[in-house]
Amino acid sequence: MQLVVARIGRAHGIKGEVTVEVRTDEPELRLAPGAVLATEPSSVGPLTIATGRVHSGRLLLRFEGVADRTAAEALRNTLLIAEVDPEEVPEDPEEFYDHQLIDLDVVTRDGTEVGRISEISHLPYQDLLVVQRPDGSEVLIPFVSEIVPEVDLEEQRAVVDPPPGLLDDSQAEIASSREDS
């Protein structure tokens with residue numbers, strides 16, 4: 001099975017390095033020197049990681065055969081894809097691969113059906129569960145332990161404890177209002 005593990009950003013310097021937006025909780029395993037990664041678009045790859053380092057809090061990678069800034073810039077926005085055994089699970093029991101979460105039923109603590117996870121949206125600061133509701137609409141649920149306290153892979157469900165207004169706008173609490181000046 002294939003997992004997107006990073007997206008290539010802009011070129012860094014003149015020797016072919018690129019910044020990468022990491023999309024895996026195991027970058028030391030998936031983005032290590034020597035790793036061969038498929039790409040999207042596939043015409044760009046496969047790419048083999050030559051070196052990796054952290055600079056100012058960002059991961060920089062250099063690929064074999066990419067020797068200058070022009071070649072590095074041509075890789076911008078390319079997705080890096082690792083081949084993963086479908087039976088493999090993350091070491092941390094609180095972590096999940098996207099394929100483990102897709103199609104899980106989502107219910108509230110009291111058992112009310114919310115929908116089914118159709119996608120995971122990876123944002124810079126947190127992930128969002130994209131949940132398809134029975135009526136066809138979608139709801140975005142932040143994938144944080146306060147809101148998604150339980151993921152049960154054996155039961156194929158995720159339990160959510162949504163704050164007021166997350167699932168139903170009519171229940172939203174207005175903290176303050178602006179007065180027209």
Side-chain angles (χ1 to χ4, degrees), residues 1-9 19-32 35 37-40 49 52 54-61 77-178:
M1 174 168 54
Q2 296 187 324
L3 294 177
V4 174
V5 293
R7 184 180 66 81
I8 297 175
T19 61
V20 292
E21 174 188 309
V22 177
R23 294 190 179 176
T24 176
D25 290 331
E26 301 167 318
E28 65 284 347
L29 173 68
R30 308 276 182 226
L31 301 172
L37 301 167
T39 61
E40 179 60 41
I49 297 175
V54 176
H55 175 72
S56 298
R58 297 211 41 121
L59 179 61
L60 301 177
L61 296 179
N77 292 322
T78 298
L79 297 177
L80 298 175
I81 303 167
E83 190 66 39
V84 177
D85 179 348
E87 301 301 315
E88 182 180 331
V89 295
E91 290 179 17
D92 184 341
E94 296 295 313
E95 293 177 7
F96 302 95
Y97 292 133
D98 288 6
H99 74 274
Q100 294 175 297
L101 299 171
I102 301 292
D103 286 333
L104 290 185
D105 291 322
V106 178
V107 297
T108 61
R109 283 192 186 271
D110 66 7
T112 303
E113 178 185 9
V114 175
R116 181 168 283 167
I117 299 172
S118 62
E119 179 183 344
I120 314 303
S121 180
H122 299 282
L123 301 176
Y125 297 104
Q126 71 184 23
D127 296 335
L128 292 175
L129 302 177
V130 180
V131 178
Q132 188 80 33
R133 294 179 147 191
D135 67 6
S137 65
E138 286 184 342
V139 62
L140 302 176
I141 299 177
F143 192 36
V144 294
S145 59
E146 294 81 19
I147 298 174
V148 186
E150 180 185 342
V151 174
D152 188 335
L153 296 178
E154 286 190 23
E155 293 291 322
Q156 288 291 291
R157 70 180 190 145
V159 176
V160 296
D161 186 11
L166 182 65
L167 301 179
D168 184 354
D169 291 342
S170 68
Q171 295 176 352
E173 294 176 358
I174 299 174
S176 66
S177 63
R178 293 187 212 168

Hey, are the side chains of D161 and T108 touching, using non-hydrogen atoms and a 4.5 Å cut-off? no
Do V20 and V22 have side-chain heavy atoms sitting under 4.5 Å apart? yes
How long is the span from the CZ atom in R133 to the CD atom in E113, to the nearest 0.5 Å? 10.5 Å
L153 CG to L101 CG distance, which is reported to the nearest 0.5 Å: 7.0 Å
Evaluate the side-chain contact (heavy atoms from CB on, under 4.5 Å) criterion for residues V148 and V159: first the C-alpha distance (whole Å), next the side-chain angles of each, then the deciding distance (0.1 Å), finally the verdict. CA-CA 6 Å; V148 186; V159 176; over 6 Å; no
So, taking the atom named CG in L37 and the one named CD in E83, what distance separates them when rounded to the nearest 0.5 Å? 11.0 Å
I'd like to check V130 versus L140 (side-chain heavy atoms, cut-off strictly below 4.5 Å). Are they in contact? yes
Walk me through it: do I117 and V131 pass the test side-chain contact (heavy atoms from CB on, under 4.5 Å)? CA-CA 4 Å; I117 299 172; V131 178; 4.3 Å; yes
Are P149 and R109 side-chain neighbours, meaning at least one heavy-atom pair lies under 4.5 Å? yes
Compare every heavy atom of G115 with every heavy atom of P134, then report the nearest pair and how far apart it is. CD-CA, 4.1 Å
Between D152 and E154, which heavy-atom pair has the shortest distance, and what is it? OD1-N, 3.1 Å
R157 vs E150 side-chain heavy atoms within contact, under 4.5 Å: yes
Out of curiosity, I102 CD1 to L129 CG, how far, rounded to the nearest 0.5 Å? 8.5 Å
Kindly give the heavy-atom pair with the smallest separation between R30 and I49, and that separation in Å. O-CD1, 4.5 Å
